[in-house]
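Quick caveat: nothing in here was measured; it's all calculated off a predicted structure.
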Amino acid sequence: MKNTIKIAIPNNAFRLADTFKSGQIFRWRETEKGFAGFIKNAPALITQLPDGVVCQTDYDISEQQLSEFLGLDLDYDSIFNAYSDEVIKQAYEKYRGLTILKQEPLECAISFITSANNNIKRINKHMDALSKLCGRAYEFNGQTLYAFPELSELQRLTEADFAALGFGYRAAYIAAFIKRVKDEYPLFLSLRSSDYASAKEYLLSFKGIGNKVADCILLYGFRHYEAFPVDVWIKRALNELYGFSEKNAQKINEFAAQKFPNYAGIAQLYLFMLMRMGGSGQ
DNA sequence: TTCCAGGCGAAGA
DNA sequence: TCTTCGCATGGA
């Protein structure tokens, strides 16, 4: 490895395994040494240390890029200390060190369009199959890893190609998404600096992106931390932990925004972990 | 065989 | 505006 980056993280403020197994990101593989995947199209292996993390890669990734990717540029203690809610405080105590990763927007969007009425194992399978079909191959640690395809590679694929990979009825959504994003790529990337409401409105204009998927893309791909993805697990969490049984998505979002100002999405990830790992899980 | 999976869109009430 | 239903696929 030509590049080894170590980041010291005191007080157990990062948990590698929980973070990569929390369902927020796909295609990262657990090995005996840590987790292997891609950071900005560079294959990387990340290992947990007692006092931090170390990242090994053949390519140039700066410490700052690694830190941002791992979501270490946020002060989680301060965020959760600012909340008065006891339930979320307990969830934070239990999973402290779980962070929000900074994903590449395009891959993140396609991952979460794929996630609709799907399970995490199959989402991984679909994204791996897509990468293997037309992503760039890298020899890394004695095995071949495939990067997520570039937009130029994706735009050559048809709905039939996605269907052949097993995407089911989402094949049409993804093909149409790529076709439009190809023409609007600067606009798509600008969602990072848009305000949350207008960024969400834009994403909702795509077929196959509804309320929940839009919030996942905004939270994990564009770092809009106020986005609060509402799925079956979160509905269960709000019902069981707060006695809140409202079904209307907008009212649930309002509840979350009031309960967890500014960083509802981070609270959501902790609630999601609490429910999935505490219950039957997968 | 039937049910379910980090939902969505369209039709019906 | 709110609720219900069909949807591709594959593993349990």
Side-chain angles (χ1 to χ4, degrees), chain A residues 18-28 91 95 98-101 103 105 107-130 133 157-178 180 200-222 224-241 245-256 260 264-282:
Chain A
D18 280 343
T19 298
F20 280 84
K21 290 163 90 170
S22 64
Q24 63 175 304
I25 195 165
F26 306 95
R27 269 171 33 79
W28 277 74
Y95 289 106
L98 170 64
T99 62
I100 299 262
L101 299 168
Q103 299 183 38
E107 177 172 358
C108 181
I110 293 173
S111 297
F112 281 101
I113 294 173
T114 305
S115 77
N117 201 23
N118 210 338
N119 62 57
I120 291 176
K121 207 171 170 180
R122 287 189 72 231
I123 302 165
N124 272 305
K125 193 177 151 191
H126 290 139
M127 301 308 283
D128 277 339
L130 177 57
L133 180 69
L157 301 178
T158 64
E159 178 184 336
D161 292 323
F162 288 103
L165 292 176
F167 280 80
Y169 66 90
R170 309 166 198 88
Y173 298 152
I174 293 169
F177 172 81
I178 291 166
R180 201 176 129 196
K200 187 165 179 178
E201 187 182 354
Y202 174 75
L203 287 177
L204 289 173
S205 70
F206 288 88
K207 268 196 178 180
I209 300 181
N211 187 61
K212 188 266 173 180
V213 170
D215 276 334
C216 282
I217 298 169
L218 290 171
L219 178 60
Y220 301 124
F222 290 106
H224 282 286
Y225 298 115
E226 65 268 60
F228 186 84
V230 176
D231 62 15
V232 290
W233 293 98
I234 290 305
K235 284 180 182 169
R236 280 174 210 159
L238 296 182
N239 195 10
E240 289 180 23
L241 304 174
S245 57
E246 178 62 58
K247 288 179 182 171
N248 180 277
Q250 195 181 331
K251 287 182 180 168
I252 296 174
N253 284 134
E254 286 168 9
F255 176 84
F260 317 116
I266 298 181
Q268 188 270 4
L269 186 62
Y270 277 75
L271 291 175
F272 181 75
M273 277 295 276
L274 200 62
M275 292 308 287
R276 272 192 81 229
M277 299 307 166
S280 55
Q282 267 192 69

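Whole-Å rounding puts the A:E246 CD to C:dT3 C1' distance at 13 Å. Look at NZ on A:K212: it is 17 Å from C1' on B:dG9, rounded to the nearest Å. The distance between atom CZ of A:R276 and atom C1' of B:dA5, rounded to the nearest whole Å, is 10 Å. One can place NZ of A:K207 at 15 Å from C1' of B:dG7, the figure rounded to the nearest angstrom. As a whole-Å value, the separation of A:L204 CG from B:dA10 C1' is 16 Å. Distance CD (A:Q250) to P (C:dT3): 14 Å, rounded to an integer number of Å. One atom, CD1 of A:I123, and another, C1' of B:dA5, lie 8 Å apart when rounded to the nearest Å. We find that CD1 of A:I217 is positioned 13 Å from C1' of B:dC8, with the value rounded to whole Å.
When the P atom is compared between B:dA10 and C:dA8, the two are found 13 Å apart, to the nearest whole Å.
Across all strands shown, A:K247 has no heavy atoms under 4.0 Å from either base or sugar-phosphate atoms. Contacts of A:S111 with the nucleic acid, taken as non-hydrogen atoms under 4.0 Å apart, are absent. Nucleic acid contact for A:F206: sugar-phosphate only, since backbone atoms but no base atoms lie under 4.0 Å from a heavy atom of the residue. Residue A:G210 is in sugar-phosphate contact alone, with no base atom involved, counting any heavy-atom pair closer than 4.0 Å across all strands shown. If you check every strand for non-hydrogen atoms under 4.0 Å, A:I209 touches sugar and phosphate atoms only.
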Apply the test ring pair (Phe, Tyr, Trp, His ring centres under 6.0 Å) to residues A:F260 and A:Y225: give CA-CA distance (whole Å), side-chain angles for both, the deciding distance (0.1 Å), then the verdict. CA-CA 10 Å; A:F260 317 116; A:Y225 298 115; over 10 Å; no
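A:S115 and A:N118 form no side-chain donor-acceptor contact under 3.5 Å, judged by distance and modelled atom types alone.
The minimum heavy-atom distance linking A:K200 with A:N253 is given by the pair NZ-OD1, 4.0 Å. Of all heavy-atom pairs between A:I110 and A:L130, the closest is CG2-CD2, 4.4 Å.
Rounding to the nearest 0.5 Å gives a distance of 12.0 Å between NZ of A:K207 and CZ of A:R180. In this structure, A:Y220 OH and A:I25 CD1 are separated by 10.5 Å, a value rounded to the nearest 0.5 Å.
With DNA chain B read from its 5' end, the first of the two nearest nucleotides for A:F112 and A:G208 is the one closest to A:F112.
For the pair A:N117/A:Y169, a side-chain contact is recorded, criterion being any heavy-atom separation below 4.5 Å from C-beta on.
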Between protein and nucleotides 7-12 of chain C, map the contacts as a letter string: B base, S sugar-phosphate only, - none, heavy atoms under 4.0 Å, written 5' to 3'. BBBSS-
